[in-house]
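Notes for the one structure printed next.
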Amino acid sequence: MDEKYFPENIEKKWQQHWEQTKAFQAADDDPRPRFYCLEMLPYPSGYLHMGHVRNYAIGDALAWYKRLQGFNVLHPIGWDSFGQPAEQAAIKRGVNPRDWTEENIVLMRGQYKRLGISYDWSREIAAHRPEYYKWDQWFFLKMFERGLAYKKKSPVNWCPNERTVLSNEQSSGGVCWRCGASVEKRDLEQWFLRITDYAEQLVEDMKQIEDSWPEKVLKRQRDWVGRSEGAYIDFAVKDSDKKIRVFTTRIDTIFGATAVVLSAEHPLIDELLEESALKNEVMAFAAKVKSEKAARGREDEEEKEGINIGVLAVNPFSGESIPIWVANYVLIEYGTGAVMSVPAHDERDFEFAQKYSLPIRRVIERISHNQESIAHDATHEDQSTAMPHAFTDYGILVNSGNWSGKLSQDALVEMANYAGEHGFGQAAITYRIRDWGISRQRFWGAPVPIIYCDKCGVVPVPEKDLPVRLPDHAEFTGSGESPLAGVADFVNTTCPTCGGTAKRETDTMDTFVDSSWYFFRYCDPRNDSAPFDPELAKRWTPIDQYIGGDSHAVMHLIYTRFWTKFMRDIGLVSFDEPVKKLLTQGMVTNRVEGTDEWKAMSKSLGNGVDPDEMIAAFGADAARLFTLFAAPVENELRWSETGIEGAVRFLRRVYTMVWRWHERLSNSASAPPGEESSAGARALRRKTHQTIAKVTSDFEGLHLNTIVAALMELLNELGDLNADPGTASEGDVFAVREALESLVLMLAPFSPHVAEEIWENLGHAGGLLSSGRWPQADTELARREELEIPIQVNGKLRSRVLASTEVTEEELRTAALNDEKVRAFIEGHEVVKVIVVPQRLVNVVVR
RNA sequence: GCCGGAGUGGCGAAAUUGGUAUACGCACCAGACUCAAAAUCUGGCGAGGUCAAACUCAUGUCGGUUCGAGUCCGACCUCCGGCACCA
């Protein structure tokens, strides 16, 4: 053991040791209970940033903790290695995306090893290798067989900057998830996966995880799926056999409908206009709305515009004829693309009605305890001038024929049933989520395994022909067309069905396909006859703890839930939810130079911190310790150079403490001595066992910052013992040994290298994992010998008394009342009562 | 606009079921060691008040419940995040 703490030597030594002994390899046949700890799959950009470091430090702390507790821990790593940056490098610098990616993997693997993250490298996977993407294609075929993968032409999100299509999830908020550019709409033929078939389950199954996933992620998913209960209602077109179906969540307001409003893209418009005098105007209007929509990026809501098409519809409840309009505020994507307009009870309809002076008819009144006021309000036939804005609450129905007097809540159910019974509608549930568009006009992705044959049409590649391999070279023009389209050897093929000439699909799959199921592959990473063996998946999954940023709340985390449900439906797994517990860690920020702003580290802001530089300057152990100590894991973490120095200081103090004692410890018995121990030794043992209890319980909630604080307190207590190793009694030595060994075991999840080094120097050979085990708290030893009981007078702290742990309530009461300081406060007052909380405090209430 | 989350020292943050507010660290101040500095060690560190103490005031604001509120209830303010015509 060196006298001084040299992190560089220690870290190299133990990283080699772990590698040579394959310390972190998880065995499939290990009989101990498993724990699957996973951090989100990284993209191999070539360099780690501090956000990664934080992510892996958290995961590794948990993995170590569980290992020391005796679990068989699976902690794997791999590469989300398809995707945009490699392709950009190819376009801009002419490099081969495969070479570029492989080089980056080598660089990053080195960084992980220098950080000392305890991965099972034998299970490493990479999405861009044919052994992996073969199974992306296999899953695609399984979905295609079941009608869950389909192709259609539709307006899709187009990123003008990256020249490719994005899914709805990737263009949430109208901007590209990667580059932030405003997305446009384009009509393209695209492959979709029917995630909408699973919409109900995606909401319903949240019940299984609602206590173990962050509420903000669940909320965003709930909003994204956008389940809404309501009813379809058919409005007959007057003097025609056509019908317009609308969706409403407020069927109780239907007597207030003063128009039916269609989206400009509604398919029925053409038919309705066949004989209309207004045909040209309406068509011109619809075209204008469409072009505005296509051009619209993130801009604010447009002013509502519409046009009356001069055809009437019949309200099936009231029999009333009302005009049909086309307007820009009705979305074709949602519901039926048509709505009933109820200005009195919907803000948007209200605004629209005001602009075009449509009637506003009130049919819901606020429920008042004063029945007369309802009756009074209800007598006002036309209240348009009386309503400053729409009344959107539930209430009581008025001016609604036989339904008047009903409560909204009841009417919603009864009116939908009535519509069903009379054949003009039904109760219905709609969802906001759309199918997942997975086609990408890219080279660097898994090719969609489809062949187009002039004779046979769309033909799936037979399973035996998988993988459809990417060619080695392609021309990267950045034109927006898939580079694969220019590779004749790839495109031209023969039809698997008829053997005739045929062409391959040239789009590749969204990289989120790769990451939707990768953690199952870790269970069986070299399987070449199936994506994974279901038995091995059963052995390891679902993931016990998943850790990553919340930026994937409605991308990766919703896709992977969908994928898992599909895998369940084809018999590969037997559960509904892939992730038992989810932690979304906070961002790592740094001050932007010359400002007071803290922002996520980035190259463009110049506030990035290079993990390798931190390791070189302070050591991986200190860097990791600081990121876990400085803030709760889910909070923003503000980077601080002086903070990391504090972490080094702590590790050095631990090291020095061991240096002081290790010789004496190696010459002393490790059993507790029979002799009476000193007060200092008893205090140290008490602190040791209190710390073990606190650390163990804090680990369960991943309160890592307070664990580090507790370890620091324990070290401070060790310093307070103030015993000389040369002359200390056997009792003191035993207390020191117990404290140090416990401290080291509990430090291992945070700073494993120095923990290993110390463990060895405390006389344990073979490394922490083989001989170590998590320390056990002894509640007897943790108990205080004497209590300091605060005494309050009227709720204000006035004094403290010392008492034994066995003190009775009556004794405490007497001690409080006789306390000198307390007496000064109660003199001249009447003691009304004395509240004694056993073991905690006394409050004397005086008047 | 709607929906979430959060407001505690100079800073990051602690605080079982309501029960000693500010643990731990950073920064800062003083002392020891040193020719000196760094490192290290020791002590101090919410505000006011005092030689020192007593004491008073402090967990965004105002009110409420309670013997007792950072914690529970109500109203409001501010900040951050998400969604944004979803019928």
Query - NZ/NE/NH1/NH2 to OD/OE distance under 4.0 Å, A:Asp550 and A:Lys216 - result: yes

Query raised in the report: Taking a pair as Watson-Crick or G-U wobble with both distances under 3.5 Å, which nucleotide is matched to B:A84?
Result: none

Query raised in the report: Roughly, in whole Å, what's the span from CD in A:Gln792 to P in B:U66?
Result: 17 Å

Query raised in the report: Could you state the CD-C1' distance from A:Glu641 to B:G12, rounded to the nearest angstrom?
Result: 16 Å

Query raised in the report: Within less than 4.0 Å of OP1 or OP2 of B:U17, is there a side-chain N or O belonging to A:Arg840?
Result: no

Query raised in the report: Would B:G9 be called syn or anti, given that syn covers angles within 90° of 0?
Result: syn

Query raised in the report: Looking for any heavy atom pair under 4.0 Å, which part of the strands does A:Lys219 touch: base, sugar-phosphate only, or nothing?
Result: base

Requested in this report: Would you mind classifying the nucleic acid contact of A:Tyr232 as base, sugar-phosphate or nothing, using non-hydrogen atoms under 4.0 angstrom?
Outcome: nothing

Query raised in the report: Given the C1' atoms of B:U71 and B:G7, what is the spacing between them in whole Å?
Result: 14 Å

Query raised in the report: Does any nucleotide pair with B:G68 by Watson-Crick or G-U wobble geometry, both distances under 3.5 Å, and what is it?
Result: none

Query raised in the report: Rounding to the closest angstrom, what is the interatomic distance between B:G48 and B:A53 at atom P?
Result: 14 Å

Query raised in the report: Judged by atom type as modelled, is there a donor-acceptor pair below 3.5 Å linking the side chain of A:Asn607 to the main-chain atoms of A:Val592?
Result: no

Query raised in the report: Does the side chain of A:Lys185 come under 3.5 Å of the side chain of A:Asn157 through a donor N or O and an acceptor N or O?
Result: yes

Query raised in the report: B:A23 pairs with which nucleotide, Watson-Crick or G-U wobble, both distances below 3.5 Å?
Result: none

Report summary line: Of B:A87, B:U40, B:C67, the nucleotide closest to the side chain of A:Asn843 is B:C67

Query raised in the report: Now, which nucleotide makes the Watson-Crick or G-U wobble pair with B:C55, with each of the two distances under 3.5 Å?
Result: B:G48

Report summary line: By nearest-nucleotide position on RNA chain B, the 5'-leaning member of A:Gly643 and A:Lys694 is A:Lys694

Report task. Once you apply the 3.5 Å cut-off to both distances, tell me the Watson-Crick or G-U wobble partner of B:A13, or none. Result -> none

Report summary line: Sorted by position of nearest nucleotide on RNA chain B, 5' first, the leading residue of A:Ile835 and A:Thr430 is A:Ile835

Query raised in the report: Quick one: is B:A14 close enough that its OP1 or OP2 comes under 4.0 Å of any side-chain N or O from A:Asn705?
Result: yes

Report task. Could you walk me through whether A:Trp224 and A:Glu169 pass side-chain hydrogen bond (donor to acceptor under 3.5 Å, both in side chains), step by step? Result -> CA-CA 9 Å; A:Trp224 191 260; A:Glu169 287 78 7; 2.9 Å; yes

Query raised in the report: With a 4.0 Å cut-off on heavy atoms, is A:Asp349 in touch with a base, just the backbone sugar-phosphate, or nothing at all?
Result: nothing

Query raised in the report: Within the structure shown, what part of the strands sits under 4.0 Å from A:Val330 by heavy-atom distance: base, sugar-phosphate, or nothing?
Result: base

Query raised in the report: Can you find a side chain N or O atom of A:Lys216 that sits less than 4.0 Å from OP1 or OP2 on B:C83?
Result: no

Query raised in the report: Relative to each other, are the rings of A:Phe352 and A:Tyr329 parallel, tilted or perpendicular (30° and 60° limits)?
Result: tilted

**Report entry** Short side-chain N/O contact to B:G68 OP1/OP2 from A:Asn794, under 4.0 Å
**Finding:** no

Requested in this report: Ignoring hydrogens and angles, tell me if any N or O in the side chain of A:Asp621 forms a donor-acceptor pair with the backbone of A:Pro7 under 3.5 Å.
Outcome: no

